[in-house]
Colleague: 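Pasting a structure here, questions to come.
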Protein chains: 2
Amino acid sequence: MNITRAWEILKDNGYKKTDKRELILNMFEDTDKYLTARDLLTVLKKDFPGMSFDTIYRNLSTFVDLGILEETELNGERNFRMHCESEHHHHHFICMECGKVKEISVCPMEMIQEKLPDCAIESHKFEIYGKCQNCVHETV
Amino acid sequence: MNITRAWEILKDNGYKKTDKRELILNMFEDTDKYLTARDLLTVLKKDFPGMSFDTIYRNLSTFVDLGILEETELNGERNFRMHCESEHHHHHFICMECGKVKEISVCPMEMIQEKLPDCAIESHKFEIYGKCQNCVHETV
DNA sequence: ATTGTAAATCGTAATGATTATGAATTAGAA
DNA sequence: TTCTAATTCATAATCATTACGATTTACAAT
């Protein structure tokens, strides 16, 4: 997902273009990591001291609802990142050191459905945590 | 994991036998669902009005540390259940209706490691959510 | 059985993330 | 330029979790 597409979606759904939304979206464009509301607040407060909790949280939820961002829960906190472009279903490897994310195309769900013949599977979470190439070589 | 084994582990690690711990463990013995701290508190407060937050949370953490309970995060809350007996690695299907849990022996991690040759995989979360046999037939 | 002491509990307060509210401001259309 | 709904600001409320000091309790040693 790129910024241009994000604004299209917002406009199509009747959302206005504001400088706060622009700041938030820019932070996600610049990185492929998951960010928390606190991450955003800490950075954006420097340039925009008036930035409030409400603005961050409300917009993050809006962006997720519109499919601009995707979220996952890590250590009890909501984490956000740009929604992946890939049209095919996939999962993520998340580096716990630097926060970078890699797409993994393997998904075990076909195998799983036949193991649970009478269950209605509604969703699943499959995430792998560890250290990426760069971080695994660092001397901590 | 049964209660007897749980007490053994506690004793071996120098923890005392208290009526509060007994109440908590009994609640887990009676069910195969994940329970939150609030679930425990709500039930136990009836018979034991003095039961405090601290007691519940501290003991839950102790039990997890000792491998008596296992936990996962659902909807931003810590959920606990008896640690599975199964000695082999497995994952869970969790019914979002009644909370029951099924073991799933399939694990896709062997496939995954070769897709991430230079990464140090430290852990993974693979959970499937939906409705179990019983709940899928209920008219909501 | 009694006592001593570390562990556990109680009652409550603090913390941290998230959500909600009401007044003031602003984007964008008329 | 003006109007109005959307957005933001500032702050408070909520919810889960963790922490603290005083009191109580389990249990081992006497």
Side-chain angles (χ1 to χ4, degrees), chain A residues 3 6-27 34-66 68-81, chain B residues 6-27 34-66 68-81 99:
Chain A
I3 297 273
W7 284 121
E8 274 176 33
I9 295 172
L10 283 164
K11 186 155 203 175
D12 291 352
N13 290 83
Y15 290 92
K16 296 178 176 173
K17 177 163 185 162
T18 68
D19 48 357
K20 302 302 148 52
R21 290 214 232 265
E22 195 154 24
L23 289 168
I24 295 173
L25 286 174
N26 283 343
M27 279 200 61
Y34 275 101
L35 301 175
T36 64
R38 186 149 304 278
D39 293 335
L40 295 168
L41 206 58
T42 307
V43 173
L44 296 181
K45 274 241 169 174
K46 286 180 197 161
D47 300 337
F48 239 98
M51 178 72 80
S52 82
F53 294 104
D54 183 78
T55 304
I56 299 277
Y57 277 105
R58 194 170 19 69
N59 279 315
L60 288 175
S61 291
T62 301
F63 294 159
V64 170
D65 289 345
L66 295 176
I68 294 169
L69 296 182
E70 59 186 61
E71 81 174 291
T72 193
E73 186 119 1
L74 300 174
N75 316 317
E77 279 180 272
R78 294 170 70 185
N79 280 251
F80 304 84
R81 73 191 298 273
Chain B
W7 285 121
E8 273 176 34
I9 295 172
L10 282 164
K11 186 154 203 176
D12 291 352
N13 289 83
Y15 290 92
K16 295 178 177 174
K17 178 162 184 163
T18 69
D19 49 356
K20 302 301 148 53
R21 291 214 232 266
E22 194 154 23
L23 289 168
I24 295 173
L25 286 175
N26 284 342
M27 279 200 62
Y34 275 101
L35 301 176
T36 64
R38 186 148 306 278
D39 293 334
L40 295 168
L41 207 58
T42 307
V43 173
L44 297 180
K45 274 240 172 174
K46 287 179 198 160
D47 300 337
F48 239 98
M51 180 71 82
S52 84
F53 294 105
D54 184 77
T55 304
I56 299 276
Y57 278 105
R58 193 170 20 70
N59 279 313
L60 287 175
S61 291
T62 301
F63 294 159
V64 171
D65 289 346
L66 294 176
I68 294 169
L69 297 181
E70 58 185 62
E71 80 174 293
T72 193
E73 186 119 359
L74 300 174
N75 316 316
E77 278 181 273
R78 294 169 73 186
N79 280 251
F80 303 85
R81 74 191 299 272

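Scope of the values below: all heavy atoms of this structure, side chains included, with no hydrogens, waters or symmetry mates. Per chain, numbering begins at 1; letters A, B, ... match sequence-line order.
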Colleague: Can you tell me how far C1' of D:dC9 sits from CG of A:Leu23, to the nearest Å?
Modeller: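 After rounding, the reported distance stands at 15 Å.
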Colleague: Compare every heavy atom of A:Thr55 with every heavy atom of A:Ile24, then report the nearest pair and how far apart it is.
Modeller: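 Where A:Ile24 meets A:Thr55 most closely, the heavy atoms are CD1-O, 4.4 Å.
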Colleague: Compare every heavy atom of A:Arg38 with every heavy atom of A:Phe53, then report the nearest pair and how far apart it is.
Modeller: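 So the minimum-distance heavy-atom pair works out to CE2-NH2, 4.2 Å.
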Colleague: For every nucleotide of nucleotides 21-30 of chain D, 5' to 3': is a protein heavy atom under 4.0 Å from its base (B), only from its sugar-phosphate (S), or from neither (-)?
Modeller: -----BS---
Colleague: When the distance from CG of B:Leu60 to C1' of D:dT18 is rounded to whole Å, what number comes out?
Modeller: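 So the two atoms are 13 Å apart, to the nearest Å.
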Colleague: Does A:Asn75 CG have over 12 foreign heavy atoms under 6.0 Å away?
Modeller: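 No, because the 6.0 Å sphere around CG of A:Asn75 holds 12 heavy atoms or fewer from other groups.
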Colleague: Kindly write out the residues that satisfy side chain to side chain contact (heavy atoms under 4.5 Å, CB included) with A:Val64, not counting sequence neighbours, or none if the list is empty.
Modeller: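 Result, side chain to side chain contact (heavy atoms under 4.5 Å, CB included) vs A:Val64: A:Leu69, A:Glu71, A:Phe80.
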Colleague: On a heavy-atom basis, which atom in B:Ala6 and which in B:Ile68 lie closest, and how many Å separate them?
Modeller: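 It is O-CD1, 3.6 Å.
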Colleague: On DNA chain C, reading 5' to 3', which nucleotide is the first and which the last to sit with an atom under 4.0 Å from a heavy atom of chain B, could you check?
Modeller: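 Taking any atom under 4.0 Å from a heavy atom of chain B, the span is C:dA6 to C:dT12.
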Colleague: Taking for each residue the nucleotide of DNA chain D with the nearest heavy atom, is it A:Gly50 or A:Gly14 whose nucleotide lies nearer the 5' end?
Modeller: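 With A:Gly50 and A:Gly14 compared, the 5'-side residue is A:Gly14.
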Colleague: Check the distance between D:dT18's C1' and B:Leu41's CG and give it to me in whole angstrom.
Modeller: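 From B:Leu41 CG to D:dT18 C1': 14 Å.
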Colleague: Using side-chain hydrogen bond (donor to acceptor under 3.5 Å, both in side chains) as the criterion, list what pairs up with B:Asp54, not counting sequence neighbours.
Modeller: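 For B:Asp54 the side-chain hydrogen bond (donor to acceptor under 3.5 Å, both in side chains) partners, ignoring immediate neighbours, are B:Arg58.
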Colleague: Go through the steps to decide whether A:Thr36 and A:Asp39 satisfy the test side-chain hydrogen bond (donor to acceptor under 3.5 Å, both in side chains), and finish with yes or no.
Modeller: CA-CA 5 Å; A:Thr36 64; A:Asp39 293 335; 3.2 Å; yes
Colleague: Report each atom pair, protein N/O against N/O of nucleotides 14-17 of chain D, whose distance is under 3.5 angstrom.
Modeller:
| residue | atom | partner | partner atom | Å |
| --- | --- | --- | --- | --- |
| D:dA16 | OP2 | B:Arg38 | NE | 3.0 |
| D:dA16 | OP2 | B:Arg38 | NH2 | 3.2 |
| D:dT17 | OP1 | B:Arg78 | N | 2.8 |
| D:dT17 | OP2 | B:Tyr57 | OH | 2.6 |

Colleague: Mind checking the CD-CG spacing from B:Glu8 to B:Leu66? Nearest 0.5 Å is all I need.
Modeller: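 Atom-to-atom, B:Glu8:CD and B:Leu66:CG are 13.0 Å apart.
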Colleague: What pair of heavy atoms forms the shortest contact from A:Glu70 to A:Tyr34, and how long is it?
Modeller: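 Result for this residue pair: OE2-OH, 3.7 Å.
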Colleague: Would you list the atom pairs, donor with acceptor, under 3.5 Å between side chains in residues 10-21 of chain B and any protein atom, with sequence neighbours excluded?
Modeller:
| residue | atom | partner | partner atom | Å |
| --- | --- | --- | --- | --- |
| B:Thr18 | OG1 | B:Arg21 | N | 3.1 |
| B:Arg21 | NE | B:Lys16 | O | 3.0 |
| B:Arg21 | NH1 | B:Asn59 | OD1 | 2.5 |

Colleague: Which heavy atom of B:Arg78 sits nearest a heavy atom of B:Ser61, and at what distance?
Modeller: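 What the structure gives for the nearest pair is NH2-OG, 3.6 Å.
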Colleague: Report the distance from atom CD1 of B:Ile56 to atom P of D:dT18, rounded to the nearest whole Å.
Modeller: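 Roughly 13 Å, once rounded to whole Å.
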